[in-house]
Amino acid sequence: MFSQTITIDSMCWKCKRAIRSSEKIFRTSVCEFCGADLHVCRNCTFYSPGAHYDCRETVEELVADKERANFCAAFSPRTDFASGGDKAAKARDAFNSLFGGIVL
């Protein structure tokens, strides 16, 4: 039997499946498993909820939708998904479920 070592350079922010290390992530790249956009804030190393524009990198413009493809030149694929997810998103989801999804 041959054994092949697979290096995971990045993962999909939504389904957490590995993105092939040989693939470069372009603005139009999507996850082959769930169809989510990959060149997004939530899939970036610099994404940091609470920071200026939710980014640790100096960016000039706000990217309003952190889960949609964007043209950010500072994008660097995130590799550290072991933290168990985004705390801000979990808190927002808990808040929304508490109030029945009513947006105020």
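What you see is a predicted model, and the numbers here were worked out from it, not measured in a lab. Side chains are part of it too, since the values below use all heavy atoms of this structure and drop only hydrogens, waters and symmetry mates.
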- Can you hop from I19 to F75 via hydrophobic side chains spaced under 4.5 Å? yes
Give me the atom names and distance for the closest heavy-atom approach of [X] to [Y].
X: C55; Y: A51; result: O-CB, 3.6 Å
X: K66; Y: L62; result: NZ-CD1, 3.8 Å
X: F33; Y: A18; result: CE1-O, 4.1 Å

Is a donor on one side and an acceptor on the other found under 3.5 Å between the side chain of [X] and the backbone of [Y]?
X: S10; Y: R78; result: yes
X: N43; Y: H39; result: no
X: R17; Y: C34; result: no
X: T45; Y: S76; result: yes

- Task: Mark yes or no: R27 above the aromatic ring of F71, with NZ or CZ under 6.0 Å from the six-membered ring centre and no more than 45 degrees from the axis.
- Result: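 Yes, a cation-pi geometry holds between R27 and F71.
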I need the [X] [atom1] to [Y] [atom2] distance, nearest 0.5 Å.
X: R42; Y: C12; atom1: CZ; atom2: SG; result: 10.0 Å
X: L38; Y: F26; atom1: CG; atom2: CZ; result: 12.0 Å
X: F46; Y: E57; atom1: CZ; atom2: CD; result: 4.5 Å

- Message: Taking side-chain contact (heavy atoms from CB on, under 4.5 Å) as the criterion, tell me which of V59, D65, N70 meets it with C41.
- Response: N70
- Task: Flag yes if more than 12 heavy atoms outside R56 fall under 6.0 Å of its CZ atom; otherwise flag no.
- Result: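 More than 12 heavy atoms, drawn from other residues, nucleotides or ligands, come within 6.0 Å of this atom.
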- Test side-chain contact (heavy atoms from CB on, under 4.5 Å) applied to D37 and E67, step by step: CA-CA 7 Å; D37 292 334; E67 298 177 0; over 6 Å; no
- Evaluate side-chain contact (heavy atoms from CB on, under 4.5 Å) for W13 paired with V40, printing each intermediate quantity in order. CA-CA 9 Å; W13 66 271; V40 301; 3.4 Å; yes
